Amino acid sequence: MTAGIDGMVAVPAGWWRCRHGIVVPRVVRLWLSADGTRIDRWKVLARGPDIGDPTHAAVRRSDVLVLVDSGWGRFTEDGKVRPDVPPSRPRLLRFSLDR
């Protein structure tokens, strides 16, 4: 499913993907086929409410850094802050590029 993808970064032989806003937020590693036309396998590396809203990923040396708990859920459809949702604590998760 491609809905809710907010961040993707290309890595050797595939992609890292951040997904939020639909069902359960997650960070996923995708491996592409040799010809790059399909996904051969995938692995969920982080998921659930403890990662809040993952939104961005970036490669740094041999790691992938993912911004999680970005606070996206604090806003309404028209961009107003929801008073019933507490502030988030944005942070970076670090994953080895080899995962």
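From a predicted model like this one, the values you see are computed outputs, not experimental measurements.
Hydrophobic clustering (side-chain heavy atoms under 4.5 Å, transitive across Ile, Leu, Val, Met, Phe, Trp, Tyr) keeps Val11 apart from Leu65. Grouping the Ile, Leu, Val, Met, Phe, Trp and Tyr side chains by contacts below 4.5 angstrom, directly or via other members, places Val68 with Val59. Note on Val44 and Leu32: same hydrophobic cluster, where clusters join Ile, Leu, Val, Met, Phe, Trp and Tyr whose side-chain heavy atoms are under 4.5 Å apart, directly or indirectly. Tracing side-chain contacts under 4.5 Å through hydrophobic residues (I, L, V, M, F, W, Y), one reaches Leu93 starting from Leu45; they form part of the same cluster. A single hydrophobic cluster is seen to contain both Val28 and Ile39, as judged by linkage of ILVMFWY side chains at heavy-atom distances under 4.5 Å, directly or through other members.
Distance check: Arg41 CZ to Ser33 OG gives 12.5 Å after rounding to the nearest 0.5 Å. Separation of atoms CZ (Arg94) and CG (Asp63) is listed at 5.0 Å; rounding is to 0.5 Å. Put simply, CG on Leu30 and NZ on Lys43 are 13.0 Å apart, with the number rounded to the nearest 0.5 Å.
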Verdict with supporting geometry, Asp50 and Arg47, side-chain contact (heavy atoms from CB on, under 4.5 Å): CA-CA 8 Å; Asp50 58 320; Arg47 65 176 284 155; over 6 Å; no

Yes or no on side-chain contact (heavy atoms from CB on, under 4.5 Å) for Leu92 and Leu67, after CA distance, side-chain angles and deciding distance? CA-CA 5 Å; Leu92 292 175; Leu67 176 65; 4.2 Å; yes

I would like to know whether Arg29 and Phe95 meet side-chain contact (heavy atoms from CB on, under 4.5 Å); could you show each step before the answer? CA-CA 10 Å; Arg29 169 71 162 100; Phe95 298 92; over 6 Å; no

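A salt bridge links Asp78 to Lys80: one of the charged nitrogens lies within less than 4.0 Å of a carboxylate oxygen. Taking 4.0 Å as the cut-off between side-chain N and carboxylate O, Arg89 and Asp69 do not count as a salt-bridged pair.
Pro25 has its side chain within reach of Pro54: a pair of non-hydrogen atoms, C-beta onward, lies under 4.5 Å apart.
Using a distance-only test at 3.5 Å, with no hydrogens or angles considered, a donor-acceptor pair links the side chain of Arg74 to the main chain of Val85.
Under the 3.5 Å distance criterion, with hydrogens and angles disregarded, no donor-acceptor pair is assigned to the side chains of Thr55 and Asp53.
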